[in-house]
Chemist: 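My questions all concern the structure below.
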Amino acid sequence: MPKRIVFPAKGEVELQAYELPKVSVSDVLVRTLYSLISTGTETTMLHQKYAPDSHFARMFSFPQIKTGVQAVGQIEEVGPSVEGFGVGDRIFMRMAHGSHQVIRAERCSLVPLRIDSKTACWCGLAKTAFRAAWAGQFNAGGNVLVIGAGPVGQMTLRWASAARMEQIAVNDLSAYRLEHAQRGGATDTWFGDLAQYSDQVRGMNNGLGPDLVIDTTGNPAVFQMALSVAARFGKVILLGDTGYPGLQKLSSDVMTKGLTIQATHESHDRDGWTQQKIDSLFFEYVLEGRFDLSQLITHEFLPEQAPQAYALAEHQREQAMGILFDWSSNDR
């Protein structure tokens, strides 16, 4: 019987059996192979780390059955009106953690044969990070400071590297995460409090400071820091979604430096950049070697071990990167 990971109550994780909906004419039935935890969002949901008036509170409640957003699986059945997909195809889907899914075919993306299934799971967070690449107009020769080297930050700096930006500086409180950033294309990595690197930050962009500052942390206290280090007439992009937006406060830097502030979200389809179009570009860059995902999967768990996986994500996240659930066993 199909199973899925749910959060029945605050801080609780369970693997539960459930009934699949029927496959409609436009649907496909997918057997999941692997799904990847979105560390920040899912631990925020699980531990209710958000204000009661935030959008998190409007979107999530217990029991929470939509626990994930990225998985790779194999199609087992197609609806009669489905075109472009067949039984046996591997697809990427933005779906919760579960052994099987029924999903509209138009929400799936084919995974190229030369990309392994575990690597393909990064497609979801790559889409999230692409929104910052679009908003910041990443281009060859440009410069960017990425604050936060977690999974979303890793995808962000890899889009910058794929765009051949000249300066890609990354700041994080974990030296381990910064090692992953270096492999992904960061030109400068700064460990610890960003304030101690004020000279290096000011030295970016020929002494003008970074034109782009991207906050991927979801930590409301980081917002003012991002404003303080951005160059005059620069742009600060909020990619990390905080559960406490009331704690994000403007500073005088916004006015005195003429800064632009832009928030981005994975759901913001603009200028034709749909999920499928971004997925296709991501896979193209992976195949071309422009998107290095080596060693990013750091931990793997069976679905039955979900409580341990989320404990790792919550309490040891500075020593983890990609946390993967393996659904591929035939007896599930």
Chemist: Would you check if L239 and D215 make a side-chain contact, meaning some heavy-atom pair closer than 4.5 Å?
Modeler: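 L239 does not reach D215 side chain to side chain.
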Chemist: When you compare the side chain of V144 with that of D211, does any pair of heavy atoms fall below 4.5 Å?
Modeler: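 D211 vs V144: side chains apart.
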Chemist: Are the side chains of R158 and L296 in touch, meaning some heavy atoms are under 4.5 Å apart?
Modeler: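 Yes, close enough: below the 4.5 Å cut-off.
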Chemist: Side chains of E42 and Y310: donor-acceptor distance under 3.5 Å anywhere?
Modeler: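 Short answer, yes.
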Chemist: Using a 3.5 Å distance criterion without hydrogens, assess whether the side chain of Y244 forms a donor-acceptor pair with backbone atoms of Y50.
Modeler: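 Yes; at least one donor-acceptor contact below 3.5 Å.
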Chemist: Is H97 close to R4 at the side-chain level, that is, under 4.5 Å between some pair of heavy atoms?
Modeler: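 Result no, sub-4.5 Å side-chain heavy-atom pair not found.
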Chemist: Do you know which two heavy atoms are closest between S24 and P80, and how far apart they sit?
Modeler: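 Heavy-atom minimum between the residues: O-CD, 4.4 Å.
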Chemist: Would you please say whether a donor-acceptor pair under 3.5 Å links the side chains of K249 and Q224?
Modeler: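 The answer is no; no qualifying pair exists.
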Chemist: Should D27 and V82 count as side-chain neighbours, where that means a heavy-atom distance under 4.5 Å?
Modeler: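 No - every pair of side-chain heavy atoms lies 4.5 Å or more apart.
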Chemist: For residues V102 and I65: do they belong to one hydrophobic cluster (side chain heavy atoms under 4.5 Å, members Ile, Leu, Val, Met, Phe, Trp, Tyr)?
Modeler: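 No, because V102 and I65 fall into different hydrophobic clusters, even though each may have its own neighbours under 4.5 Å.
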Chemist: With a 3.5 Å distance limit and no angle check, can you tell me whether T119 reaches the backbone of I115 through a side-chain donor-acceptor pair?
Modeler: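 Checked: no pair found.
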Chemist: Could you give the distance from CG (D253) to OG (S228), rounded to the nearest 0.5 Å?
Modeler: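 The CG atom of D253 sits 6.0 Å away from the OG atom of S228.
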Chemist: Could you tell me whether the side chain of Q101 and the main chain of A96 form a donor-acceptor pair under 3.5 Å?
Modeler: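 Yes; at least one donor-acceptor contact below 3.5 Å.
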Chemist: Do S81 side-chain atoms and V25 backbone N/O form a donor-acceptor pair below 3.5 Å?
Modeler: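 Yes: the side chain of S81 pairs with the backbone of V25.
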Chemist: For R31 and H100, which I'm curious about, is there any donor-acceptor pair between the side chains at under 3.5 Å?
Modeler: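 Yes, because at least one side-chain N or O of R31 sits under 3.5 Å from a partner of the opposite role on H100.
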Chemist: So L293 and V286, do their side chains get closer than 4.5 Å, heavy atoms only?
Modeler: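 Of all side-chain heavy-atom pairs linking L293 with V286, at least one is under 4.5 Å.
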Chemist: Are any non-hydrogen side-chain atoms of F291 and W159 less than 4.5 angstrom apart?
Modeler: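 Side chain of F291 against side chain of W159, heavy atoms only: contact under 4.5 Å found.
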Chemist: Treat each ILVMFWY residue as a node, draw an edge where side-chain heavy atoms are under 4.5 Å apart, and state whether V222 and Y197 are in one component.
Modeler: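 In one cluster with V222: Y197, yes.
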Chemist: One thing to verify: whether E300 and K118 come together as a salt bridge, which I'm taking to mean a side-chain N less than 4.0 angstrom from a carboxylate O.
Modeler: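 E300 and K118: salt-bridged.
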Chemist: Donor-acceptor check, side chain of R177 to backbone of R317, threshold 3.5 angstrom: yes or no?
Modeler: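 Checked: pair present.
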Chemist: For H180 and R183, test the side chains for any donor-to-acceptor distance below 3.5 angstrom and give the result as yes or no.
Modeler: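 There is such a pair between these side chains.
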Chemist: Distance-only, no hydrogens or angles: does the T260 side chain make a donor-acceptor pair with backbone N or O of K235 under 3.5 Å?
Modeler: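 Not a single qualifying donor-acceptor pair exists.
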Chemist: When you measure from the side chain of S161 to the backbone N and O of L157, does any donor-acceptor pair fall under 3.5 Å?
Modeler: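 Not a single qualifying donor-acceptor pair exists.
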Chemist: Just by distance, no angles: are the side chains of R131 and S267 close enough, under 3.5 Å, to form a donor-acceptor pair?
Modeler: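 The answer is no; no qualifying pair exists.
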Chemist: State, yes or no, whether a side-chain contact exists between K277 and K127 at a heavy-atom distance under 4.5 Å.
Modeler: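 K277 does not reach K127 side chain to side chain.
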Chemist: For the pair Q70 (side chain) and L36 (backbone), establish whether a donor and an acceptor sit closer than 3.5 Å, ignoring hydrogens and angles.
Modeler: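 Judged by distance alone, yes, a pair lies under 3.5 Å.
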Chemist: Please round to the nearest 0.5 Å and tell me the distance separating atom CG of N143 and atom OG1 of T187.
Modeler: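 Taking CG in N143 and OG1 in T187, the distance rounds to 9.5 Å.
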Chemist: Return yes if some donor-acceptor pair links the side-chain N/O of T32 with the main-chain N/O of Y34 below 3.5 Å, else return no.
Modeler: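 Absent.
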Chemist: Mark yes or no for whether T156, through its side chain, and V152, through its backbone, hold a donor-acceptor pair below 3.5 Å.
Modeler: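 Yes.
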Chemist: Same cluster for L33 and I91 if Ile/Leu/Val/Met/Phe/Trp/Tyr side chains link at under 4.5 Å?
Modeler: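 Different clusters.
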